[in-house]
Amino acid sequence: MPAILFESQYNPPAAFFAELLGAKALYLEAHDNYRKQTYRNRCLILTAQGVQPLTVPVIDGNRSEKVLTSAIEIDYRQNWVHRHWRTLQTAYGGSPYFEYYADYLHDIYVQKPPLLFELNLSLLQLQLRCLRLRLPILLTPEYYPSPTPVSLLDRRDWLTPKAAAPAEPDRTSVRPYRQTFGKDFVPGLSILDLLFTQGPAAGSFLT
């Protein structure tokens, strides 16, 4: 399988990692313009009230779409770190493996990296280790138009938090697993949902 190209995502869906199985390398797009309402700064988790988005606020959000994603600054004037962490604790504190990963995850948050790209990369590196996925992460040296001029499987903006149209294929599903809330399996959730509920066995649900 060739190398795969994704945009930077915040706690990506499990389907992001399923696409990496067998890939030679992961390229992260470092030269795209930031886009709002994408997984670049949000993820979806499952709470007792249903699916809930967690969104990282960015500085000058109204003008951010004219800025490179790799240059987008996080807005720490808003106490979003505390809110995200409390929400994760409430949603997953009783799950089998929350405590197993919590300290590693919390350490990244409290470092308060200034750039969204840096935060996403640190979280991604941790999640790959937790899933035992060993592949190099490379940054694109320039913006690659689609189709890409090099041998890359282009998956930029392939996953979206917006509801898919009925005619579109389901891109968000991995093998169903037991989740914290509800009887029916909910697809499209952040990899954190899979890790907190399945722990070291999480990788087996990506196939």
ask   = With sequence neighbours excluded, what pairs up with E73 under the side-chain contact (heavy atoms from CB on, under 4.5 Å) test?
value = I59, L115

key: Chi angles and distances behind the side-chain contact (heavy atoms from CB on, under 4.5 Å) call for E118, I108   = CA-CA 10 Å; E118 294 174 345; I108 294 174; over 6 Å; no

request  = Can you run down the ring-ring contact (aromatic ring centres under 6.0 Å, His included) pairs that involve residues 115-144, sequence neighbours left out, and say none if there aren't any?
outcome  = none

query = For T38 and R42, which heavy atoms make the closest approach, and how far apart are they?
reply = O-CG, 3.0 Å

ask   = Distance from L105 atom CG to S122 atom OG, nearest 0.5 Å?
value = 11.0 Å

Per-pair distances, 0.1 Å, donor-acceptor, side chain in residues 194-202, under 3.5 Å, sequence neighbours excluded:
residue, atom, partner, partner atom, Å
T197, OG1, D193, O, 2.8
T197, OG1, L194, O, 3.3
Q198, NE2, R178, O, 3.2

task = Scan residues 129-143 for pairs that pass salt bridge (Lys or Arg N to Asp or Glu O under 4.0 Å), counting only residues two or more places apart or in two chains.
result = none

Euclidean distance, L138 CG relative to L28 CG, rounded to 0.5 Å = 8.5 Å

message = I'd like to know whether D157 forms a side-chain contact (heavy atoms from CB on, under 4.5 Å) with Y39, so could you lay out the CA-CA distance, the side-chain angles of the two residues, the decisive distance to 0.1 Å, and finally the verdict.
response = CA-CA 8 Å; D157 294 301; Y39 283 127; over 6 Å; no

message = Suppose we screen for side-chain contact (heavy atoms from CB on, under 4.5 Å). Which residues come up paired with D154, at least two apart in sequence or across chains?
response = L5, S146, T148, R156

ask   = How close do V174 and F185 get, heavy atom to heavy atom, and via which atoms?
value = O-CE2, 4.0 Å

ask   = Is any side-chain heavy atom of E29 less than 4.5 Å from a side-chain heavy atom of T69?
value = no

Set of residues satisfying ring-ring contact (aromatic ring centres under 6.0 Å, His included) with respect to H106, sequence neighbours excluded = W85

Using a 3.5 Å cut-off and no angle test, enumerate the donor-acceptor pairs between side-chain atoms of residues 47-55 and protein atoms at least two apart in sequence or in another chain.
residue, atom, partner, partner atom, Å
T47, OG1, Q49, N, 3.1
T47, OG1, G50, N, 3.4
T47, OG1, G50, O, 2.9

request  = Spell out, as yes or no, whether a donor-acceptor pair under 3.5 Å connects the side chain of H31 to the backbone of T140.
outcome  = yes

Exercise answer: donor-acceptor pairs, residues 17-27 side-chain atoms, under 3.5 Å, sequence neighbours excluded:
residue, atom, partner, partner atom, Å
E19, OE1, R155, NE, 2.9

task = Measure the shortest side-chain to side-chain distance between I137 and L128 over non-hydrogen atoms and say whether it is less than 4.5 angstrom.
result = yes

ask   = Which residue pairs pass the side-chain hydrogen bond (donor to acceptor under 3.5 Å, both in side chains) test with at least one member in residues 3-17, sequence neighbours excluded?
value = E7-Q9, S8-N120, Y10-H84, Y10-Y109, N11-Y109, N11-Q127

Partners passing side-chain contact (heavy atoms from CB on, under 4.5 Å) against N79 (at least two apart in sequence or in another chain) = H82, R83

inquiry  = Minimum heavy-atom separation for S204 and R175, please, with both atom names.
reply    = O-NH2, 2.9 Å

inquiry  = Measuring only between side-chain heavy atoms, which start at C-beta, is L68 closer than 4.5 Å to N33?
reply    = yes

remark   = Those residues at least two apart in sequence (or on a different chain) that pass side-chain contact (heavy atoms from CB on, under 4.5 Å) with I74 are V56, Y76, W80, L116, L119

ask   = Which heavy atom of L159 sits nearest a heavy atom of P13, and at what distance?
value = CD1-CG, 4.2 Å

inquiry  = I'd like to check V186 versus L46 (side-chain heavy atoms, cut-off strictly below 4.5 Å). Are they in contact?
reply    = yes

For Y101, all residues meeting ring-ring contact (aromatic ring centres under 6.0 Å, His included), sequence neighbours excluded = none

query = Can you name the closest pair of heavy atoms from L189 and I45 and give their distance?
reply = CD2-C, 4.0 Å

remark   = Between the OH atom in Y34 and the OG atom in S70, the distance rounded to the nearest 0.5 Å is 13.0 Å

